[in-house]
Trainee: 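First the structure, which I've put down as structure tokens, then a few questions once you've had a look.
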Amino acid sequence: MTAPILPATCPLPDATPPEIPRPVLSCAQLRRVGIDTGDEHVIYLHEDSPICRAEGFGAHSRVQISIGERQLLARLNMVSGSWLAPEEAGLSEPAWSALAPRIGETAMFAHPSSVESLSRVRAKIHGQPLNSADFQAIMQDVAQRRYSALELAAFVTACANGHLTAREISSLTGAMVATGARLDWHRAVVVDKHCIGGLPGNRTTPIVVAIVTALGLIMPKTSSRAITSPAGTADTMEMLAPVDISLRRMRETVERTGGCLIWGGSIGLSPADDVMIRIERALDIDSEGQLVASVLSKKIAAGSSHVLIDLPVGPTAKMRDMIEARSLAACLQHVAQDFGMYLRCVFTDGSQPIGRGVGPALEAHDVLAVLRGAPDAPTDLRERAIALAAALLELAGAAAGEVLALRMATEALDTGAAWQQFQAICEAQGGRRIPGRAAQQYPIRSALGGRVHAIDNRQLSRAAKLAGAPMSPLAGLELHVRVGDRIETGQPMFTVHAQTRGELAYAMEYVRRHPCIVTLAEAP
């Protein structure tokens with residue numbers, strides 16, 4: 001039988017099949033575009049970019065960028081015009097710093113693998129409880145910045161408003177700790193102090209650190225920047241000394257002085273919390289469960305053994321009444337006990353601001369006045385700092401009883417020992433700074449005479465933020481009156497400080513629309 005004749009274009013059965021062409025890898029040279037996107041990694045591609053055509057990327061896509069073993073995830077923004085060439089890829093400042101490309105290196109672009117922990121987030125959205133493994137998976141992905149801002153917002157919202165059980169809060173706390181470094185000071189007693197916030201100007205922490213370390217305690221204080229307030233402790237302390245320092249510099253400071261006051265985000269303690277704080281700030285959410293996990297994860301990671309928590313209670317403070325405050329205190333105690341930490345909560349007066357300044361630089365001026373023993377130092381700030389330092393001395397076993405503890409704390413201030421200690425800490429962290437004053441200042445005068453009946457903490461904080469605080473560190477409000485003071489018609493109640501005329505005008509408009517920031521009783 002004659003074999004069939006095959007067409008000339010068909011390969012013989014035993015012939016080698018043609019090689020299938022490999023896909024072209026999407027790559028480009030990176031360009032630093034000088035855009036500050038906060039904590040978010042952003043990549044910019046031209047609308048005619050061949051990478052977008054090859055990979056199917058669109059605006060807001062999540063993109064994995066790789067240079068050798070270095071990788072990061074970024075959100076894509078599409079651009080037009082001529083400032084970015086189609087063959088280029090621009091990186092925002094945070095993305096450029098994280099990836100650290102070197103001259104001549106080429107970056108590869110691809111779709112990231114799916115984020116499996118998002119299934120746990122969806123479960124939480126539908127009301128299902130999460131276990132420790134669930135939170136571990138979520139926090140690891142959060143710390144590695146695998147979540148978009150929208151996905152983070154979904155998780156934060158799902159956990160807000162009492163939607164975390166006590167067990168879930170402990171699990172979330174442990175998961176946050178596991179995402180970063182954990183310090184060990186090889187001491188039985190390492191103290192810390194935290195205020196839950198909501199009270200403008202309550203900047204006692206720098207004074208407390210100076211007092212208790214002058215008296216021999218170890219207090220490696222890591223603090224956060226503002227979340228929903230006009231200033232966080234780190235924002236205020238940055239007016240007085242560097243706070244964005246390395247772990248090595250932190251250890252050297254503590255070894256030399258017994259304490260420090262730094263920004264916790266600079267040394268990688270609970271980094272997942274730092275990512276979530278950005279979303280909480282944008283949403284203006286600071287719920288109980290997330291607050292407890294955020295605060296205690298930092299304390300546990302910092303190696304603290306004895307922690308004092310200040311809970312200001314007042315009608316316009318974060319804690320409106322004692323029922324709410326006791327609930328938070330019980331939750332803090334429960335989680336602290338799970339991690340073997342000694343914790344004490346103190347309930348303080350949150351009916352009005354503490355000190356005179358509201359905003360990083362203005363609060364720093366108050367701190368300096370108290371530490372230096374200036375005659376015009378705000379008495380309320382001094383007294384509260386002494387009381388909190390005394391409570392911490394007693395908790396740590398450094399003073400037998402409240403009376404002795406108060407005397408020790410007061411003497412540390414009055415003799416100048418705390419001031420000398422504070423200067424030593426500042427120098428060890430990189431050098432003491434002198435806070436400035438805002439160029440734009442405008443006093444708000446009372447239209448009536450009478451007695452100050454109330455000061456609204458929330459509206460006061462809002463006005464300070466609209467003036468520019470904390471992003472404009474010299475901005476804020478300076479109070480001239482306290483509850484119970486008698487004032488005359490035309491007397492200044494507070495002064496708005498701003499770094500630009502536009503911010504001053506913005507804050508003034510808010511003040512005009514909210515005349516009850518300071519409420520007067522009937523004239524005497």
Side-chain angles (χ1 to χ4, degrees), residues 38-39 156 160 193-206 221-239 243 261 263-265 273-274 276-288 290-292 294-295 298 309-320 324-325 328 348-367 378 380-381 384 435 438 455-479 494 496-498 503 506-507 510-511 514 517:
D39 294 328
V156 168
K193 170 261 173 191
H194 182 82
C195 177
I196 59 114
L199 195 61
N202 190 23
R203 201 54 59 217
T204 56
T205 295
K221 183 76 181 88
T222 63
S223 298
S224 62
R225 299 191 183 275
I227 301 175
T228 58
S229 68
T233 298
D235 300 312
T236 297
M237 186 61 193
E238 195 166 38
M239 297 291 97
V243 297
L261 289 111
W263 174 49
D273 180 51
D274 295 324
M276 292 204 300
I277 281 174
R278 172 171 54 86
I279 300 300
E280 292 166 3
R281 182 186 294 116
L283 296 176
D284 202 13
I285 288 178
D286 200 5
S287 65
E288 179 178 291
Q290 290 161 323
L291 186 153
V292 170
S294 175
V295 170
K298 293 288 177 65
I309 305 292
D310 177 15
L311 294 133
V313 182
T316 58
K318 185 176 291 184
M319 297 288 102
R320 302 291 185 94
E324 188 178 2
L328 178 59
T348 55
D349 180 13
S351 61
Q352 62 178 322
I354 299 297
R356 287 190 288 267
V358 180
L362 291 166
E363 293 175 18
H365 284 293
D366 282 353
V367 168
D380 57 342
L381 179 62
R384 182 162 300 202
I455 301 175
D456 192 309
N457 292 311
R458 293 171 185 259
Q459 290 188 10
L460 195 76
S461 292
R462 180 63 175 162
K465 289 164 69 176
L466 290 174
M471 298 305 293
S472 299
L474 304 184
L477 301 182
E478 184 178 7
L479 278 169
F494 57 89
V496 180
H497 291 238
E503 288 173 321
Y506 202 23
Y510 180 83
V511 170
H514 296 82
I517 293 177

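Nothing here was measured: the structure is a model prediction, and the numbers come from that model. Position 1 is the first residue of the sequence, and the numbers go up from there.
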Trainee: Main chain of I196, side chain of K318: is a donor-acceptor contact present, judged purely on distance under 3.5 Å?
Mentor: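 Here the side-chain-to-backbone pair exists.
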Trainee: Measure across P378 and R356 and return the closest heavy-atom pair with its distance rounded to 0.1 Å.
Mentor: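 Here P378 and R356 meet closest at CD-NH2, 3.6 Å.
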Trainee: Find the distance between CG (N202) and CG (D380) and round it off to the nearest 0.5 Å.
Mentor: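 So the CG of N202 and the CG of D380 are separated by 9.0 Å.
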Trainee: So, the side chain of S229 versus the backbone of A231: is there a donor-acceptor pair under 3.5 Å, distance only?
Mentor: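 Present.
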Trainee: Going by distance alone, is a donor N or O of one side chain under 3.5 Å from an acceptor N or O of the other, for K193 and T204?
Mentor: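 Note: K193 and T204 side chains meet the donor-acceptor criterion.
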Trainee: How far does CD of E238 sit from CG of L261, to the nearest 0.5 angstrom?
Mentor: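 Reported value, rounded in 0.5 Å steps: 12.5 Å.
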Trainee: How many angstroms lie between OG in S223 and CH2 in W263, if you round to the nearest 0.5 Å?
Mentor: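 It is 12.0 Å, given to the nearest 0.5 Å.
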Trainee: Measure across N457 and G198 and return the closest heavy-atom pair with its distance rounded to 0.1 Å.
Mentor: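 Closest approach of N457 to G198: CB-O, 4.0 Å.
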Trainee: Within a reach of under 6.0 Å around CZ of R462, are more than 12 heavy atoms found that belong to other residues, nucleotides or ligands?
Mentor: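 No, CZ of R462 has 12 or fewer neighbouring heavy atoms, counting only those of other groups under 6.0 Å.
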Trainee: Using atom types as modelled and distance alone, determine if a side-chain donor or acceptor of Q290 lies under 3.5 Å from a backbone N or O of V156.
Mentor: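 At least one qualifying donor-acceptor pair exists.
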Trainee: Atom CG in L466, atom OG in S461: separation rounded to 0.5 Å?
Mentor: 11.0 Å
Trainee: Would you sort out whether Y510 and Q459 count as a side chain to side chain contact (heavy atoms under 4.5 Å, CB included), showing the intermediate values?
Mentor: CA-CA 9 Å; Y510 180 83; Q459 290 188 10; 3.8 Å; yes
Trainee: Determine yes or no for a side-chain-to-main-chain donor-acceptor pair under 3.5 angstrom, with D310 supplying the side chain and H194 the backbone.
Mentor: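 Not a single qualifying donor-acceptor pair exists.
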Trainee: Would you call D366-R203 a salt bridge at under 4.0 Å N-O?
Mentor: no
Trainee: Is it the case that the side chain of R320 and the backbone of G314 share a donor-acceptor pair, with hydrogens and angles ignored and the cut-off at 3.5 Å?
Mentor: no
Trainee: Hey, what do you get for CD1 (I455) to CZ (F494), rounding to the nearest 0.5 Å?
Mentor: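 The CD1 atom of I455 sits 9.5 Å away from the CZ atom of F494.
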Trainee: Which atoms form the tightest heavy-atom contact between A325 and M319, and what is the distance?
Mentor: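 Closest pair (atom of A325, atom of M319, distance): CA-SD, 3.7 Å.
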Trainee: Hey, mind stepping through E280 and L291 against side chain to side chain contact (heavy atoms under 4.5 Å, CB included) and telling me if it holds?
Mentor: CA-CA 10 Å; E280 292 166 3; L291 186 153; over 6 Å; no
Trainee: Looking at CD1 of I309 and SG of C195, how far apart are the two atoms once the value is rounded to the nearest 0.5 Å?
Mentor: 9.0 Å
Trainee: Closest approach of A467 and A498, non-hydrogen atoms and distance?
Mentor: O-CB, 3.7 Å
Trainee: Where is the tightest heavy-atom contact between L474 and A361, given as atom of each residue plus distance?
Mentor: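 Looking at all heavy atoms of both residues, the shortest contact is CD2-CB, 3.6 Å.
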Trainee: Within the side chain of D235, is there an N or O that forms a donor-acceptor pair under 3.5 Å with the backbone of P470?
Mentor: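 Between the backbone of P470 and the side chain of D235 there is no qualifying donor-acceptor contact (under 3.5 Å).
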Trainee: Report the C-alpha distance between L362 and L477 in whole Å, list the side-chain angles of each, state the deciding distance to 0.1 Å, and finish with yes or no for side chain to side chain contact (heavy atoms under 4.5 Å, CB included).
Mentor: CA-CA 8 Å; L362 291 166; L477 301 182; 5.7 Å; no
Trainee: Looking at every heavy atom in both A475 and P360, which two are closest together, and how far apart are they?
Mentor: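 So the minimum-distance heavy-atom pair works out to O-CD, 4.2 Å.
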Trainee: Assess whether side chain to side chain contact (heavy atoms under 4.5 Å, CB included) is satisfied between R384 and D349, documenting all intermediate values.
Mentor: CA-CA 10 Å; R384 182 162 300 202; D349 180 13; 3.6 Å; yes
Trainee: Salt-bridged, K298 to D274, with N to O below 4.0 Å?
Mentor: yes
